[in-house]
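Written out below as structure tokens is the structure these notes cover.
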Amino acid sequence: MDKTLLVTGGAGYIGSHTLLALIAAGYRPVVLDNFSNSVPEVLRRVEQLSGAQVEFVEGDIRDAGLLDRLFQQKAASGNPVQCVVHFAALKAVGESVANPLAYYDNNVGGTTTLLQAMDRAQVRHFVFSSSATVYGEPVALPYTEQHRIAPTNPYGWTKAMVEQVLRDWAATGEQRRAVALRYFNPIGAHASGRLGEAPQGIPNNLFPFITQVAVGKRERLMVFGDDYETADGTGVRDYLHVEDLADGHVRAVEYAGRTEAPFAAFNLGTGKGTSVLQLVRAFEQASGVAIACTVLARRPGDIASAWADPALAYRELGWKAERSIEQMCADGWRWQSQNPDGYSN
Ligand code: NAD
Ligand code: UDP
């Protein structure tokens with residue numbers, strides 16, 4: 001019997017790629033999503049690519065009654081949920097500064113509602129989408145999991161707070177297991193070109209902005225600062241392929257099933273830094289399209305450099321990122337060029 005998992009936010013960018021990895025590993029994911037930042041077409045494509053039917057519930061993680069019914073129904077059908085993989089969250093840093101309560105409500109309140117429903121249904125394993133943003137300004141690089149936690153915006157605080165909630169929840173001696181995955185910068189798309197990142201409106205992140213310039217949806221890339229203390233003056237980040245990140249979730253679900261540790265946090269990154277201009281050059285190479293750039297002032301709140309020490313994830317999860325920057329660019333370009341308007345093509 002396949003193991004049944006609840007995947008919140010499974011129609012989103014990282015969730016959809018993770019569904020494919022979970023199905024390939026023999027899991028049976030049930031998706032809960034309210035489509036606040038995604039569309040049903042994503043799940044249709046996951047079904048096409050996997051050849052599996054994906055069970056889906058449209059609804060909100062803050063709806064306790066819905067969660068109770070969902071867990072009960074799975075248990076009654078003989079396929080109780082074994083683990084929750086929790087992607088559902090709001091994720092725009094700027095918006096979190098403007099509207100912090102929406103972020104605390106959805107990301108923190110939503111998670112406690114979910115954990116309470118899990119407790120009622122006796123579901124004990126939890127994998128959480130955390131972020132490298134919990135570290136804030138680096139004291140030293142690469143960031144290890146021991147780095148102090150000091151987010152610099154409400155979005156980052158929601159991730160740090162949920163990690164604390166999970167630590168406390170798992171420490172109660174009820175065989176609970178919580179795994180927080182601190183993602184660095186996921187980019188790229190599924191190698192088929194059928195799944196990818198489809199931001200609504202103007203992209204906040206660098207990579208989708210580049211791909212939208214390449215496809216003619218935006219005129220030019222604004223480079224936020226070229227006066228950082230980095231090799232070429234532009235900001236350095238640890239970009240990882242979204243399919244590598246998806247594989248990390250399969251490893252984390254397996255780890256939750258075997259570990260004695262109630263709570264653990266892992267960096268998921270490559271361990272390598274790439275600057276804005278290096279990423280632009282790599283993308284130009286992969287796509288054959290020139291990206292017009294204009295240098296502007298630094299973006300408020302940005303740090304110069306961030307990259308992971310991913311050694312703990314390798315040691316404990318057996319996971320490491322395999323795909324190169326070139327592959328991230330080639331796959332991201334395949335997705336964007338074949339789906340210039342995202343899923344509304
Ligand atoms: P996404 O917006 O594409 O996916 C999130 C999904 O959750 C969407 O489908 C959205 O409709 C759904 N959702 C949001 N609130 C919900 C609610 N209350 N109930 C039900 N569904 C809800 O984002 P993503 O990039 O796939 O990110 C997934 C997770 O990873 C998020 O928790 C995000 O904070 C985290 N993360 C993302 C990045 C990144 O760079 N993309 C980096 C670090 C961490
Ligand atoms: N960046 C940029 N132009 C953009 C978006 C981002 O120059 O339109 C830079 C940003 O200053 C940072 C890097 O690209 O140095 C990655 O930014 P992103 O928002 O993708 O990730 P984060 O800063 O959250 O790690």
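From a predicted model like this one, the values you see are computed outputs, not experimental measurements. Start at 1 and go down the list; that is how both ligands and their atoms are numbered.
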Between [X] and [Y], is the ring centroid distance below 6.0 Å?
{"X": "Phe283", "Y": "Trp333", "answer": "yes"}
{"X": "Phe35", "Y": "Phe56", "answer": "yes"}
{"X": "Tyr255", "Y": "Phe266", "answer": "yes"}

Could you list which atoms of ligand 1 come closer than 4.0 Å to a heavy atom of [X]?
{"X": "Pro186", "answer": "39 (C), 40 (O), 41 (N)"}
{"X": "Gly59", "answer": "19 (N), 20 (C)"}
{"X": "Ser38", "answer": "8 (C), 9 (O), 11 (O)"}
{"X": "Ser36", "answer": "10 (C), 11 (O), 13 (N), 14 (C), 15 (N)"}
{"X": "Ser131", "answer": "43 (C), 44 (C)"}
{"X": "Tyr155", "answer": "33 (C), 34 (O), 35 (C), 36 (N), 44 (C)"}

Subject >> Salt bridge Glu55-Lys74, side-chain N to carboxylate O under 4.0 Å >> reply: yes
N/O separation below 3.5 Å, [X] to ligand 1:
{"X": "Ser130", "value": "no"}
{"X": "Asn106", "value": "yes"}
{"X": "His86", "value": "no"}

Original post:
By number and element, which atoms of ligand 2 are closer than 4.0 Å to a non-hydrogen atom of Val223?
Top reply: 7 (O)
Subject >> Per-atom contacts of ligand 2 with Tyr239, taking only distances under 4.0 Å to non-hydrogen atoms >> reply: 13 (C), 16 (C)
Checking a contact table here: which protein heavy atom is nearest [atom], and how many Å away?
{"atom": "atom 17 (O) of ligand 2", "value": "Arg299 NH2, 3.4 Å"}
{"atom": "atom 15 (O) of ligand 2", "value": "Gly235 CA, 3.5 Å"}
{"atom": "atom 9 (C) of ligand 2", "value": "Val276 CG2, 3.7 Å"}
{"atom": "atom 3 (O) of ligand 1", "value": "Tyr13 N, 2.9 Å"}
{"atom": "atom 3 (N) of ligand 2", "value": "Met222 O, 2.7 Å"}
{"atom": "atom 21 (O) of ligand 2", "value": "Asn185 ND2, 3.1 Å"}
{"atom": "atom 1 (N) of ligand 2", "value": "Phe224 CD1, 3.6 Å"}
{"atom": "atom 12 (C) of ligand 2", "value": "Arg237 NH2, 3.6 Å"}
{"atom": "atom 11 (O) of ligand 2", "value": "Asp302 OD2, 2.5 Å"}
{"atom": "atom 28 (C) of ligand 1", "value": "Phe87 O, 3.7 Å"}

Original post:
Do Leu206 and ligand 2 have an N or O pair less than 3.5 Å apart?
Top reply: yes
Original post:
Any side-chain donor paired with an acceptor under 3.5 Å for Asp119 and Trp169?
Top reply: yes
**OP:** Answer with yes or no whether Tyr155 contacts ligand 2, where contact means a heavy atom under 4.0 Å from a ligand atom.
**Re:** no
Min heavy-atom dist [X] to ligand 1 below 4.0 Å:
{"X": "Glu197", "value": "no"}
{"X": "Ala11", "value": "yes"}
{"X": "Asp33", "value": "yes"}
{"X": "Asp60", "value": "yes"}

Parallel, tilted or perpendicular for [X] and [Y], by the 30°/60° rule?
{"X": "His190", "Y": "His17", "result": "tilted"}
{"X": "Tyr343", "Y": "Trp335", "result": "tilted"}
{"X": "Tyr183", "Y": "His249", "result": "perpendicular"}

**OP:** Would you mind finding which of Val242, Asn107, Ile61 brings a heavy atom closest to atom 19 (N) of ligand 1?
**Re:** Ile61
Original post:
Which is closest to atom 21 (N) of ligand 1 in terms of heavy atoms, Leu245, Asp63, Asn34?
Top reply: Asn34
Original post:
Under 3.5 Å, side chain of Asn153 to main-chain N/O of Gly156, donor-acceptor pair present?
Top reply: yes
Original post:
Is the number of heavy atoms from other residues, nucleotides or ligands under 6.0 Å of Gln48 CD greater than 12?
Top reply: yes
**OP:** Please check if atom CD in Glu41 has more than 12 non-hydrogen atoms from other residues, nucleotides or ligands closer than 6.0 Å.
**Re:** yes
Subject >> Nearest non-hydrogen partners of Phe71 and Met118, listed with the distance >> reply: CZ-CG, 3.7 Å
Subject >> Closest heavy-atom pair and its distance - Tyr228, Gly225 >> reply: CD1-O, 4.2 Å
Are any of the side-chain heavy atoms of [X] and [Y] separated by less than 4.5 Å?
{"X": "Leu206", "Y": "Ile210", "result": "yes"}
{"X": "Leu312", "Y": "Thr144", "result": "no"}
{"X": "Leu19", "Y": "Leu43", "result": "yes"}

**OP:** Kindly indicate, with the supporting measurements, whether the criterion side chain to side chain donor-acceptor pair (under 3.5 Å) is fulfilled by Arg182 and Tyr135.
**Re:** CA-CA 10 Å; Arg182 295 177 181 158; Tyr135 296 127; 2.9 Å; yes
Original post:
When you look for heavy atoms under 4.0 Å from ligand 1, do you find them on the side chain of Phe35, its backbone, both, or neither?
Top reply: backbone
